[in-house]
Amino acid sequence: MTGKVLVVDDEASIIALVQHHLEQLGYKVESVQDGKEALNLIRFNNYDLVVLDVMLPNLDGMEICKELRIEHHNVPILMLTAKDDEVNKILGLEFGADDYMTKPFSPQELVARVKALMRRTHQFNDQAVHKEVITIGELEIYVKEYEVYFKGNPLVLTPKEFELLLYLAQHQGQALSRDQLMTALWGYEYIIETRIVDVHIAHLREKLNKHYIKTIRGVGYKMLAD
């Protein structure tokens with residue numbers, strides 16, 4: 001698997017660790033230690049993934065993530081947070097990060113997370129060639145274009161929000177557990193962070209005015225027709 005990754009961290013040792021292991025997998029890796037410089041690089045380059053630390057000089061990772069999503073920039077973001085920093089984990093997801101890891105982390109976990117994000121992005125892009133539009137009530141999902149319209153108005157979704165909505169739509173009427181969604185969309189078979197699912201579901205419901213996605217108590221979620 002190949003791709004272009006930007007690693008943003010103010011610690012040279014972290015950058016070296018991440019860069020080494022991703023380059024071993026064939027990824028092209030660029031790095032930067034300053035928040036403002038990172039934001040400009042992402043704006044004007046086509047990265048397949050950004051590994052983004054929270055604590056950065058000049059502009060922190062939360063603000064970078066927030067700015068990119070406001071600008072409708074949908075690059076997948078893997079955010080790095082301090083150990084046991086639950087507030088930053090949740091804020092990162094709220095601001096549009098696709099996943100997070102806590103420091104210190106193992107290289108094996110890093111590789112697994114990056115592969116999962118890359119794999120899902122590429123799979124959805126490949127599938128899009130063979131599909132057109134999924135319509136559920138007043139919701140229209142244009143798979144190839146990565147676009148969603150609700151009541152005729154475009155919705156701004158992060159890559160992971162889009163993938164989650166599409167997966168629910170493709171399994172309309174089926175009750176899907178949080179574990180199923182984690183495995184299908186994040187690729188985790190051994191790390192279950194169901195809070196990630198709940199936060200992304202909450203984002204989708206807000207953008208859909210609470211239409212279509214129903215909570216199945218004790219199970220998970222399912223997509224309804226109305």
Side-chain angles (χ1 to χ4, degrees), residues 1-69 71 73-83 85 88-89 92-93 95-129 146 158-160 162-163 182-193 196:
M1 184 180 292
T2 59
K4 188 177 179 182
V5 179
L6 177 67
V7 180
V8 187
D9 200 295
D10 63 344
E11 297 182 56
S13 60
I14 296 292
I15 288 177
L17 175 68
V18 174
Q19 185 163 353
H20 170 75
H21 286 279
L22 294 187
E23 286 180 344
Q24 290 294 307
L25 295 174
Y27 295 113
K28 180 180 179 181
V29 181
E30 297 180 5
S31 64
V32 64
Q33 294 177 279
D34 179 84
K36 286 186 177 180
E37 186 178 352
L39 182 58
N40 287 328
L41 281 173
I42 298 167
R43 281 171 170 162
F44 299 109
N45 290 273
N46 293 318
Y47 295 106
D48 296 293
L49 177 73
V50 175
V51 179
L52 179 64
D53 188 27
V54 171
M55 301 303 294
L56 295 167
N58 295 317
L59 191 66
D60 68 40
M62 297 295 182
E63 286 300 318
I64 293 172
C65 191
K66 184 178 179 179
E67 285 295 319
L68 290 173
R69 297 321 187 203
E71 296 169 8
H73 201 302
N74 64 358
V75 61
I77 295 174
L78 172 60
M79 186 160 280
L80 304 179
T81 70
K83 185 178 181 181
D85 192 345
N88 275 338
K89 293 176 185 178
L93 295 174
F95 288 154
D98 296 283
D99 196 3
Y100 63 79
M101 289 180 58
T102 57
K103 295 180 179 179
F105 53 83
S106 72
Q108 291 78 13
E109 181 183 359
L110 169 75
V111 167
R113 300 277 181 126
V114 170
K115 280 184 175 180
L117 283 172
M118 288 285 206
R119 182 169 60 248
R120 294 308 307 170
T121 301
H122 289 146
Q123 283 178 356
F124 273 93
N125 287 340
D126 292 342
Q127 292 169 1
V129 175
Y146 246 66
T158 68
K160 195 56 66 178
F162 178 87
E163 293 167 11
M182 285 295 302
T183 300
L185 298 174
W186 280 266
Y188 305 165
E189 296 177 357
Y190 57 94
I191 302 172
I192 303 301
E193 296 275 7
I196 294 178

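None of the values given here were measured: they were computed from a predicted structure.
One distance of note links CZ of Phe105 with CD1 of Ile14; it measures 4.5 Å at 0.5 Å rounding. Atoms CE and OH, from Met79 and Tyr100 in turn, are 12.0 Å apart once rounded to the nearest 0.5 Å. Between atom CD of residue Glu163 and atom OG1 of residue Thr158 there is a gap of 8.5 Å, rounded to the nearest 0.5 Å. Within the model, atoms CG of Leu6 and CG of Leu41 stand 6.0 Å from one another, a figure rounded to the nearest 0.5 Å. Between the CG atom of Asp60 and the NZ atom of Lys66 there is a distance of 10.5 Å, given to the nearest 0.5 Å. Note that the CG atom of Leu68 and the CZ atom of Arg43 stand 7.0 Å from one another [nearest 0.5 Å].
The 12-atom threshold is not exceeded at NZ of Lys36, counting heavy atoms of other residues, nucleotides or ligands nearer than 6.0 Å.
The shortest non-hydrogen separation linking Pro76 to Asp48 is CD-O, 3.4 Å. The two residues Ile42 and His73 have their closest heavy-atom pair at O-NE2, 3.0 Å. The two atoms that bring Gly96 and Cys65 nearest to each other are C-SG, 3.6 Å, heavy atoms only. Counting all heavy atoms, side chain and backbone alike, Leu17 lies closest to Pro107 at CD1-CG, 4.0 Å. When all heavy atoms of Met118 and Tyr27 are compared, the closest pair comes out as CE-CE2, 3.6 Å. Contact between Gly35 and Ile64 at its shortest, heavy atoms only, is O-CD1, 3.4 Å.
Applying the salt bridge (Lys or Arg N to Asp or Glu O under 4.0 Å) test to every pair with at least one member in residues 8-29, sequence neighbours left out, gives these pairs: Asp9-Lys103, Glu11-Lys103.
Between Leu78 and the options Leu52, Leu117, Val50, a side chain to side chain contact (heavy atoms under 4.5 Å, CB included) holds for only Leu117. Each of Asn74, Ile196, Ile77, Asp98 was checked for a side chain to side chain contact (heavy atoms under 4.5 Å, CB included) with Lys160, and the lone residue meeting it is Asp98.
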**OP:** Before giving the answer on side chain to side chain contact (heavy atoms under 4.5 Å, CB included), spell out for Met62 and Val54 the whole-Å C-alpha distance, their side-chain angles and the decisive distance to 0.1 Å.
**Re:** CA-CA 6 Å; Met62 297 295 182; Val54 171; 4.0 Å; yes

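Looking only at distances, no side-chain donor or acceptor of Asp53 sits under 3.5 Å from a matching main-chain atom of Val8. A donor-acceptor pair under 3.5 Å is absent between the side-chain atoms of His21 and the main chain of Leu110, judged by distance alone.
For Glu63, the salt bridge (Lys or Arg N to Asp or Glu O under 4.0 Å) criterion is met by no residue, not counting sequence neighbours. Partners of Asp34 according to the side chain to side chain donor-acceptor pair (under 3.5 Å) rule, which considers only residues two or more places apart in sequence or in another chain, are Asn58.
The closest side-chain heavy-atom distance from Val7 to Gln19 is not below 4.5 Å. When side chains are defined from C-beta on, Gln24 does not count as touching Val111, because their heavy atoms never get closer than 4.5 Å.
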